[in-house]
Amino acid sequence: MAIIQFPKDMKWGTATASYQIEGAANEGGRGPSIWDTFSKTPGKVMNGDNGDIACDSYHRYEEDISLMKELGITTYRFSVAWPRVLPNGTGEVNQEGLDFYHRFIDKLLENNIEPMCTLYHWDLPQALQDIGGWNNRETIDAFVEYAELMFNEFNEKIKCWITINEPWCASFLSNYIGNHAPGLQDLQLATNVAHHLLVAHGKAVKKYREIGVEDGQIGYAPNVEWNEPYSDKQEDIEACYRANGWFIEWFMDPVFKSAYPEKLVKWFEETEGVTVPILEGDMETISEKIDFLGINYYTGSVSRFNKDGGLFQHERVDQGYQKTDIGWNIYPEGFYHVLKYIKDSYGNIPIYITENGSCYNEEPESNGRVKDAGRVNYLKQHLTALNRAMSAGVNIKGYLTWSLLDNFEWAEGYTMRFGIVYVNYRTLERVRKDSFYWYKQIIDNNFFEV
Ligand SMILES: N=NNCCOCCOc1ccc(-c2cn(C[C@@H]3NC[C@@H](O)[C@H]3O)nn2)cc1
């Protein structure tokens, strides 16, 4: 048996996002988002599910916070629904929306839980999509207006801000692959969106610095995968560099090195005729210094070159890894490798694991217990890998599991469950899973045995 011990000041938490848990989509003055539009478009979301009700956390947040209190977390990551505070994306402020977030954040603080607030977790106001969304640089200005409103309104209460969640998902998954809202499939458009998201991030950080908050910190939360080369063949190593770089270098080099990764820019230009719409000053803006990096990690794969392997001529090679119920490899080694790689590539900026979790769809048994052993094992394996990365010098400050609650898993709707708390979507009853109790133990003890 080995003891996996974490530092005394390790921050433990859980993560959620507005469109996935709030519900009250047409209540409290909230305006429509691109996910309201997308989820109501036939064929886009499993079973035609949408976020109209979700977990009804808009009304049930006090119950959710009492679960967090019982769990013992010190940090709770949530996102603000931009269209709930600015129904048209800019201009008229919805005071009812601000009031909701004040009530919610006050309740967190009352329970000694630190709010970690994501400004953009994909629910772009539809009114902005109607003028081109993130493909239109006016949306950058709208985001800065929204960020400034939130900074000024909540600066006394929120000391930890995340600008953009998973820019890869909000750009390439949503505008090239097309699985997420707005469901477009154009690589140049997606590349424009990715760039404008990064500029918006940088401008929001600049605005935050201008406003000036003594003890505040701001960062962003890219999602990363790890592709391990199948062999030492140069073609396999390079194919994995490209696949990894789409998530890592593409979204970190601009922030930490003030330039896009040359090899990937050339690859886009030569194979797809796609270029990055950089305007003067953009790279300086994007690389405005941040205080921490959020990392979202779920899975990875052994991969290799395949000239017919799509955009980056790469393919995953099945190694018989166990998979979660959403079909993703359970690959804790990838967690260690990607964290080491980030440290070695970008220096030792403080890192919060802002999302890590697994999909298991067990239902409550007749005695009410939800035996999600798979999720407990996933947590054990990934926290062990995280501990190894910390021993290798990666500057990890906290770990927030995705997610507190089963919730609306985007294109998968309510069919895929990531929560340590089960949600009955008919009654909205919350049921603690076995993983809830296991995670509570980790938070209480700060160690576990493998
Ligand atoms: N990699 N290449 N893929 C090629 C083709 O993939 C098609 C599908 O792709 C993906 C890739 C990634 C995801 C994903 C989902 N979550 C979980 C959410 N994170 C934020 C929070 O809201 C959670 O709900 N994280 N990542 C989904 C689909």
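All values reported here derive from a predicted model rather than from experimental measurement. Count residues from 1 along the sequence.
Taking the charged nitrogens against the carboxylate oxygens, D49 and K44 have no contact shorter than 4.0 Å, which rules out a salt bridge. Remark: D236 does not engage R304 in a salt bridge, criterion side-chain N to carboxylate O under 4.0 Å.
The salt bridge (Lys or Arg N to Asp or Glu O under 4.0 Å) analysis of residues 242-258, with sequence neighbours excluded, yields no pairs. Listed by first then second residue, pairs satisfying salt bridge (Lys or Arg N to Asp or Glu O under 4.0 Å) with a partner in residues 114-125 read K11-E114, not counting sequence neighbours. For residues 341-354, the pairs satisfying salt bridge (Lys or Arg N to Asp or Glu O under 4.0 Å) are K340-D344, with sequence neighbours left out. Among pairs with a residue in residues 346-358, those fulfilling salt bridge (Lys or Arg N to Asp or Glu O under 4.0 Å) read R77-E355, at least two apart in sequence or across chains.
Side-chain atoms of E288 and H201 include no donor-acceptor pair closer than 3.5 Å. Side-chain contact check for T299 and N329: no donor-acceptor pair (N or O, by modelled atom type) lies under 3.5 Å. A side-chain donor from one of Y378 and N356 sits under 3.5 Å from a side-chain acceptor of the other. One side chain, Y260 or H195, offers a donor N or O that lies under 3.5 Å from an acceptor on the other. With hydrogens and angles left out, the side-chain atoms of D36 and S33 include a donor and acceptor closer than 3.5 Å. In this structure, a donor-acceptor pair under 3.5 Å is absent between the side chains of T14 and T401.
Scored by the side-chain hydrogen bond (donor to acceptor under 3.5 Å, both in side chains) test, R209 finds D291 as partners (sequence neighbours excluded). For the salt bridge (Lys or Arg N to Asp or Glu O under 4.0 Å) test, residues two or more places apart in sequence or in another chain that qualify with K157 are D106.
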